[in-house]
Amino acid sequence: MYSRKVMEHFASPHNVGEIPDADGVGKVGNPVCGDVMFVYIKVKDGRLEDVRFKTFGCVSAIATSSMVTDLAKGKTLAEAERITRDDVADALEGLPPIKMHCSNLAADALHAAIEDYKKKRKGSAG
Ligand code: FES
């Protein structure tokens with residue numbers, strides 16, 4: 001049912017954990033299944049220097065979190081904002097149709113972390 005890539009990322013997820021002094025944190029939950037995902041970002045010179053995640057969820061939620069952090073690392077904020085759920089699913093060689101909502105969670109959490117970063121920066125700039 002799952003692609004080889006999904007199983008790889010599920011078995012050994014990349015970029016797991018928190019960034020204690022993160023510049024932005026995104027949290028999204030799926031009300032249907034109850035899964036929750038946190039994405040932490042560290043920004044330097046307009047690029048995502050580090051991206052990490054903590055996910056309490058299904059196989060797809062963990063694999064898509066892992067993949068979205070891989071895709072986003074090193075990208076500019078604008079590039080990372082353009083990462084869609086389809087990009088995540090494609091990079092994982094596809095997800096079962098019933099699991100597509102899980103990839104939405106990963107892209108949303110990344111975008112929420114970027115939003116949080118922008119909000120905080122605006123706040124500190126006065
Ligand atoms: Fe909840 Fe996959 S079943 S995110």
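In each ligand, atom 1 is the first atom listed, and ligand 1 is the first ligand listed.
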How long is the span from the CG atom in Leu92 to the SG atom in Cys102, to the nearest 0.5 Å?
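Atom-to-atom, Leu92:CG and Cys102:SG are 11.0 Å apart.
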Could you tell me the separation between the CG atom of Asp70 and the NZ atom of Lys75, rounded to the nearest 0.5 Å?
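If I round to the nearest 0.5 Å, the distance is 9.5 Å.
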When you look for heavy atoms under 4.0 Å from ligand 1, do you find them on the side chain of Leu105, its backbone, both, or neither?
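The answer is the side chain of Leu105.
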Can you tell which part of Ser60 has a heavy atom less than 4.0 Å from ligand 1: side chain, backbone, both or neither?
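Near ligand 1, Ser60 shows nothing, with every heavy atom at 4.0 Å or more.
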Proximity flag Lys99 to ligand 1, non-hydrogen atoms under 4.0 Å:
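The answer is yes, since Lys99 has a heavy atom less than 4.0 Å from ligand 1.
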Metal proximity, Cys102 vs atom 2 (Fe) of ligand 1, N/O/S cut-off 2.8 Å
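It does; at least one qualifying atom falls short of 2.8 Å.
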Got an N, O or S from Cys33 under 2.8 Å of atom 2 (Fe) of ligand 1?
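Not a single backbone or side-chain N, O or S atom of Cys33 is under 2.8 Å from atom 2 (Fe) of ligand 1.
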Are any of the side-chain nitrogens in Glu115 or Lys119 under 4.0 Å away from the carboxylate oxygens of its partner?
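Not counted as a salt bridge, because no side-chain N and carboxylate O are separated by less than 4.0 Å.
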Could you tell me whether Lys44 and Asp23 have a side-chain N and a carboxylate O separated by less than 4.0 Å?
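Looking at Asp23 together with Lys44, the answer is no, because their closest N to O distance does not fall below 4.0 Å.
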Run the side chain to side chain contact (heavy atoms under 4.5 Å, CB included) test on Leu77 and Leu48 for me, step by step, so that the C-alpha distance in whole Å, both residues' side-chain angles and the decisive distance to 0.1 Å come before the verdict.
CA-CA 7 Å; Leu77 293 175; Leu48 295 173; 3.8 Å; yes
So which heavy atom in the protein is nearest atom 4 (S) of ligand 1, and how far is it from that ligand atom?
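Residue, atom and distance for the closest contact: Asp35 OD2, 3.1 Å.
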Short question: side chain of Asp87, backbone of Thr84 - any donor-acceptor pair under 3.5 Å?
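Flag set: sc Asp87 to bb Thr84 pair under 3.5 Å.
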According to the interplanar angle, ranging from 0 to 90°, do the rings of His9 and His14 count as parallel (below 30°), tilted (30 to 60°) or perpendicular (above 60°)?
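Aromatic pair His9/His14 classed tilted.
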Heavy-atom contacts with [X] under 4.0 Å: which atoms of ligand 1 show up? List them by number with element.
X      : value
Ala61  : 4 (S)
His101 : 1 (Fe), 2 (Fe), 3 (S)
Cys58  : 2 (Fe), 3 (S), 4 (S)

